[in-house]
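We're numbering straight along the sequence, starting at 1.
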Amino acid sequence: MSESLKLQKEQQQRDLATHYESTYHQGSLSSVSRQSYAAYVSSHGHKISKKEKKLSAFSKKEKRSYLAVDNEDEIIGYVVPVFRSSHLATQDLMETQEEVKEEGVGYVVMRNLFSRETDFKMRTVKKSRETSLRESAERLALSRKMHEKEEFQKKMNPDSLTHPPEFIVKPHGQTVWEGKSVMLHCTVAGWPKPRVSWYKNNVLIDAKAHPEKYFTESQYNMHSLEIKNCNFSDTAEYRISALNVKGESSAFAPVIIKRFKEGEEVTERPHGYSPEYGVTFNTTIIDKFDVSFGREGETMSLGCTVIVYPTVKRYQPEIVWYRNGVVLSPSKWVHMHWSGEQATLTLVHLNKEDEGLYTLRVNTKSGFDTHSAYVFVRDADVEEEGVPVAPLDVRCHDANKDYVVVTWKQPAVEGSSSIIGYFIDRLEVGTHHWTQCNDTPVKYARFPVTGLTEGRSYTFRVRALNNSGVSRPSRASDPVVAMDPSDRARLRAGPSAPWTGMIKFTEEDPTVGVVPGPPTDLAVTEATKSYVVLSWKPPIQRGHEGVMYYVEKCLVGTETWQRVNTGMPVKSPRFALFDLAEGKSYSFRVRSCNSAGVGEPSEETGATTVGDRLDLPSVPGPVIAIRNTDTSVVVCWGASKEVKNLVGYYIEVSINGSGVWVPCNNKPVKGTRFVCHGLNTGDKCVFRVKAVNAAGYSGSSAESEACIVQASIAVPSPPTGVTLLERVRDYMVLGWQAPAKTGGADIRGYYLDYRTVKDGVTSKWHEINLQTVTGTSYKVTDLKENVFYQFQVRAVNRAGISESSIPMVPLECKEWTVAVPGPPHGLRVQEVRKESMVLLWEPPTFSGRSPVTGYYVDYKEENGRWRCVQERSTKNTYMKLTGLQEGVSYRLRIHAKNVAGVGGPSKETDAILAETRPGTNEIVVDVDDDGVISLIFECSDLKEDSQFVWSKNYKAFTDTSRLTVQTSGGKSRAIFNDPSLEDLGIYSCVVTNIDGVSASYTLTEEGLKRLLDISRDHQFPIIPFKSEMAIELQEKGRVHLWAEVAKFTSNCQVEYVFNDNIIHEGKKYTMNFNKTTGIIEMFMDSLEVTDEGTFTFNLVDGKATGRTSLVLIGEEFAELQKKSEFERAEWVRRQGPHFVEYLSFKVTPECDVHLKCKVGNIKPATETAWFKDGIEIEEDDEDAKKIKKSDEVLIFDIGKLVIKSEKAQRKPATEESPSKPKISKKDAGVYEVKLKDERGKDKTLLNLTDAGYQAVLNEVFRVIANSSTELKVMSTEHGIILYSFVVHYIEDLRIGWLHKESKISHSDRVQCGVTGEQLWLKINEPTEKDKGKYAIDIFNGQGSVKRVLDLSGQEWVEAFEEFKRLKAAAIAERNRARVVGGLPDVVTIQEGKSLNLTGNVWGDPVPEVSWVKNDKALLSDDHYMLKFEHGKFASITIAAVKTIDSGKYALLVKNKYGTEAAEFTVSVYIPEDEGEKRE
């Protein structure tokens, strides 16, 4: 009795613990909750001992581990506890408190506690009434949120009791084509939260062991299983099992994978009819990419030409790229392009991670087609000889607040010595400095990185080290955020409700700190000789604030506990310990702490010996090399028998005897078969394989046998087309076609077999020839007359003998008489119309030496010559002749054809007049109200004994189950019983005993589909929609779903459905159906995670129904949700000062660059600040003068660097002068504008560096190019100048000149340049060859602007004549006679002296020279000596000058180009003493 009471009491405690753990986590309990719990315990007589401090629903043995393990119990991640995802409301409250605690008193107290470990005092802060009211409102909002959480809890678990799992939405079975992917979804409810498992034919699916095939996901009671790249073996019954403490429930979904040919490998992809477009799309991939080789750092492009026939306007196939069966998405390293015909995949900056099998998949509405080829990526050249190559595939796992696990794969080449270890580097996103994480290299390909800053993003890379040095770094990993996994899950899901408040401790709301309890479930998750990783669960009791942890270690055998992280406690429930003594055993424990103090230690771990737990893989099994192609070999090997966490295998190749090994693959492969490409034809190669896991490399396998690289051979395919060419009484001549596939070797010959056939019984096959037949025909002799024989043929090559051909039909051995067939008979004509008629006939009774293979139809006009209707024979016994001329009579005849030739003509028909007789009717297709399809033919001149005779393809009906004929009076109706593809063909109806009354109707596949659609519409009327369901976002992110009905009555009713559940108007949904306009609407204030799915409007209007749906799932839903949240955030932003138009640039017509933005909702008190490169532009800065504001528009005129006072007159210049730029590289930078006042703040940023600066230049180029004037012509004495003016010129502007569409090169005769704002082209000494069309090509940022001038005709004549005139004038000016120097203006000389003056004369031809004095010519005599020497020097000598020689002299020069006079004055004076004597 006491034992049962004890068990009952323990059960009550366990139920109580389960209740409190599942409702509120102890760390988030309010003081009232804790008091209620204490009161409950005391009222039931429970005493809480030290061992009972930690409430749990499980016994010690039953405690669940929150560490994710694989099949070999290796730790691979951390699983968020159940309560974290089950109680989002409580979690949001806890995390909000933790986020704002740093601004409260508790954070300061905790910081002081950790730094000084002394007591603290709470300081009381007095606040104003307004502040107190605001915080009271915030507390009320918090209480309201907690109340909503409680109501949610009641709704989820109204009776506070556990209940078994229940499938709310079950997975649905699917049927897909081979090669596609399948996604199974379901929703499960239950309490406690059930754990789910997926099974295939009752075999558990291990998605972690086969990530390339399966992917499972579970979030918020929604579970999914993705089966990738399905093949025929994936056809099975899939089951999902949900299990909790109350029971188990299962749901089933069959998955069927369809093949094009059952039981065979799919070589031709399935194509089917597309009802949406009414055609069958056929896909052909040509110009296929082959096996490719690249090197790290290079760029590689893979491409194929895709032809989709027929071409449908505005339809494009879906192009999908795969790497190793995984769909690729565009990224920094992967670029995809589809031009409409060419599909291209570009791999930017190749890395070894890019190596693998690439597949192009073309999806159309009729099916898909694929092409695959392997891409090999070789290592880049090492910087130092002997160092290893870079590791690869760096990934991050188990990210926490200050901790992350980094893994990688070892490289294929270790270098000149084995790899000693690896260095791990980290980079904080947004910075450029890499920090090394470990001082000692780690051997293990897995390393825990600690010391991260919470909330920041990091990327990691790895370098390998050996005795020769350090390798190049690997490709950086994807960024990972250091944060709690529950925070990450919540961020992915999106906030359940916005929280903008703040919790602070004041004297009005006193809070007493709670010392946290001990952590639970402490365990050693990883242990290597380099480090040990601990993990644990947060304490159950931890108060309102977050906790941190101290880790302590103890050497086994001692009682001394040493704190490991004394300086700063850790935030994550993970910790890596380094610097432990290898081979020694340690115990560990953890303490929790917060601002209230340090809690009790956790239970200590067992003894842990420091050393590697993962062994190296064993050596792979025997290696077998098999010939494949001229450059490849297939390598197979046995899998490593003893290996854990296998990463893959590396294959190495060596030319036999060389001893030099080269890797075949630089990325590990997991299979045991690999095709090694890139080998040299004829080389004798050996291969070996080594396995690799996180611990390192295995030993190399034994070498394979030597294999010569050359193409393998196979037996040929069977011959085809075995026919009888000739037949006599004792022999037959057979012919056949060579095999389509030779098997890679020449066909050496053929073997023939025969067997006899008697009364349908066949004998055994016998060989005909022992020696091979080299040709494709053979004479079989020694046969018996009137005996039937069958024959088959086999081909032979070096690899062997092929399969036999298909046995031909039995042939009787008897002599032929006539080779060609006789004439057809029974010609008749019906359905005569003005442009067509139908001819029918019977086959000939004698077919010649071979069966009739076809017919030729001849026709002629009444007095014309015979002409053949068709180029090729027809096998049918009917033909419709078209293209006839109305009113012309025609005669027809038929020729039969066989293998021997074309037989003689049949008897011609009588003359038939091409006309449509009055009253002629055609067959009409009818679909009645019940959807019955029928063909109707009427005849108004029906005679008493006339009948309607229906036929299909001009043959009488034999299968009455397909068609029912009803005749009443002059109307006959042929009713289709079950219309299908079997009914396709030509239906004709002839009325007997009435000449010429007949008609036909051709039922095609498209026509049948149209009729079936009409039939379905008549049977099941559909309400038409003018607009199908659409979605739009309104203000505040409100979601608007709507559709417009085209035709309906007032009785039309609408049913609103979401995910197959009917929804009604309420707090979440607002619905409206306007029967005046026919618009159906539904509104939602916001999109939540639970709104992902399918929305449907179901309409019922009497017998008619209508349905329109909109699917919002996956990326489309996530994008729409993101836009909705953005619109709501935008609405909130617009409540304060904000930017109506964000910062952008504009180039004015004067080439001034302005930065401008438009602001809204600003006040005089709103602060506006400009920044450049993060530095604020102050009022006294020079740039501040460029800022102005006009009508809520802020403008920064960064282009006003050069201000012109005036513009020079636009004239062609002869010399170049550099142009001053209005914007330069120094103006590049990051510009930012900020608005701020008491209502909020906003900012906008414009990056004008690199691409941004280039965009500005491109816009400047565009303005300059568009401002260019039309080309004009100006002639000079040297030639012709073409010029154009622009508003501004900068040196970066690219300009080109064209003559007759050819680029002009700069030379001595043709020159181009820029002077100021003038762009010119000079043509010196132009000739007739320079005539033609000239153009200037000015770059406008994207393309170019051309200005064209046609320098020919009158334009050329005027320019060339002006050039010749100016040239002649220049020559005349240059060659005219003139005095170039030597003569003074005034000469003063003493009387009695001799005067000699010489003038330099120029002219071509040599000018005539004369001298004058006072306008009178001088002649040479004894007093005046005049000379002109060498045609250049004219001199005058006056001997013993006298006063009478004073006067005005001139030297006159003259030639045919002109005359010039050089004047000078001579003054003769008398000395004073001589003058006195004369006086």
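Two residues are said to be in side-chain contact when any heavy atoms from C-beta on lie closer than 4.5 Å; Asn680 and Val709 fail this criterion. Side-chain contact between Leu984 and Thr1004 is absent, with no heavy-atom pair separated by less than 4.5 Å. Contact annotation: the side chain of Leu392 never approaches that of Ser474 to less than 4.5 Å [non-hydrogen atoms, C-beta and beyond]. Put simply, the side chain of Val634 reaches to within 4.5 Å of the side chain of Cys636, judged on heavy atoms. Between Tyr315 and Tyr277 the shortest side-chain heavy-atom distance falls below 4.5 Å. Taking 4.5 Å as the limit, every side-chain heavy atom of Cys676 sits out of range of all side-chain heavy atoms of Phe376. Within the 4.5 Å cutoff, the side chain of Trp338 has heavy atoms near those of the Val306 side chain. Counting heavy atoms from C-beta outward, Pro411 and Lys352 have side chains that approach closer than 4.5 Å.
Side-chain atoms of Asp683 never come within 3.5 Å of backbone atoms of Cys685 as a donor-acceptor pair (strictly under, hydrogens ignored). Between the side chain of Gln174 and the main chain of Met183, a donor-acceptor pair closer than 3.5 Å is present. At least one donor-acceptor pair under 3.5 Å links the side chain of Glu1092 to the backbone N or O of Gly1114. Under a 3.5 Å cut-off, the side chain of Thr284 and the backbone N or O of Asn282 do not form any donor-acceptor pair. Put simply, the side chain of Asn324 gets close to the backbone of Leu357: a donor and an acceptor are under 3.5 Å apart. In terms of modelled atom types and a separation under 3.5 Å, the side chain of Thr681 and the main chain of Asp630 share a donor-acceptor contact.
The cationic group of Arg688 lies under 6.0 Å from the six-membered ring centre of Trp661 and within 45° of the ring axis, placing it in a cation-pi geometry.
Counting heavy-atom neighbours within 6.0 Å of Glu705 CD, excluding the residue itself, gives a total of 12 or less. The 12-atom threshold is exceeded at CD1 of Ile307, counting heavy atoms of other residues, nucleotides or ligands nearer than 6.0 Å. Applying the 6.0 Å contact sphere to CE of Met300 captures more than 12 heavy atoms from other residues, nucleotides or ligands. Taking a 6.0 Å sphere around CD of Gln1254, one finds it holds more than 12 heavy atoms contributed by other residues, nucleotides or ligands. Counting heavy-atom neighbours within 6.0 Å of Ile806 CD1, excluding the residue itself, gives a total of 12 or less. Counted within 6.0 Å of NE2 on His335, heavy atoms from surrounding residues, nucleotides or ligands total more than 12; the atom is thus considered enclosed. The neighbour count for Lys1009 NZ, taken as heavy atoms of other residues, nucleotides or ligands under 6.0 Å away, is above 12.
Ser802 and Pro716 make their closest contact through CB-O, 3.0 Å (heavy atoms, listed as atom of the first residue, atom of the second, distance). Scanning both residues, Thr235 and Ile257, for their nearest heavy atoms gives OG1-N, 3.0 Å. Here the closest non-hydrogen pair linking Ala625 and Cys707 is CB-CB, 3.8 Å. Nearest heavy-atom pair across Pro211 and Lys208 is CD-O, 3.4 Å. Contact detail for Asn229 and Gly179: the closest heavy-atom pair is OD1-O, 3.3 Å. The shortest non-hydrogen separation linking Ile986 to Thr1002 is CG1-OG1, 3.8 Å.
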Exercise. Walk me through it: do Phe687 and Val633 pass the test side chain to side chain contact (heavy atoms under 4.5 Å, CB included)?
Key: CA-CA 10 Å; Phe687 299 86; Val633 170; 3.8 Å; yes
Practice problem: Given salt bridge (charged side-chain N to carboxylate O under 4.0 Å, His left out), test Lys213 with Asp234 step by step and report yes or no. | Solution: CA-CA 10 Å; Lys213 188 65 180 177; Asp234 292 319; 2.6 Å; yes
Practice problem: Evaluate the criterion salt bridge (charged side-chain N to carboxylate O under 4.0 Å, His left out) for residue pair Arg295 and Asp379; output intermediate values, then yes/no. | Solution: CA-CA 6 Å; Arg295 188 172 294 274; Asp379 288 295; over 6 Å; no
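The side chain to side chain donor-acceptor pair (under 3.5 Å) test applied to Lys228 returns no partner, not counting sequence neighbours.
Side chains of Arg323 and Tyr358: a donor on one and an acceptor on the other come within 3.5 Å. At a cut-off of 3.5 Å, with distance as the only test, no side-chain donor of Glu341 or Thr305 sits close to an acceptor on the other residue. Side-chain atoms of Ser477 and Thr459 form no donor-acceptor pair, as typed in the model, at a separation below 3.5 Å. Of the N and O atoms on the side chains of Gln792 and Ser805, not one donor lies less than 3.5 Å from an acceptor on the other residue.
Classification of Arg1010 and Asp1013 as a salt-bridged pair fails, no side-chain N sitting under 4.0 Å from a carboxylate O. Ion pairing between Asp393 and Arg475 fails under the 4.0 Å rule for side-chain N and carboxylate O.
Aromatic ring centres of Trp637 and Tyr650: separated by at least 6.0 Å. In this structure, Tyr309 has its ring center no closer than 6.0 Å to that of Phe281. Aromatic pair Phe289/Tyr374: ring centres not closer than 6.0 Å.
How far OG1 of Thr344 is from CD1 of Ile319: 10.0 Å, rounded to the nearest 0.5 Å. From Glu1116, atom CD reaches atom CG of Leu1110 across 6.5 Å, with rounding to the nearest 0.5 Å.
Each side chain to side chain donor-acceptor pair (under 3.5 Å) pair with one or both residues in residues 665-677, not counting sequence neighbours, would appear here, but there are none.
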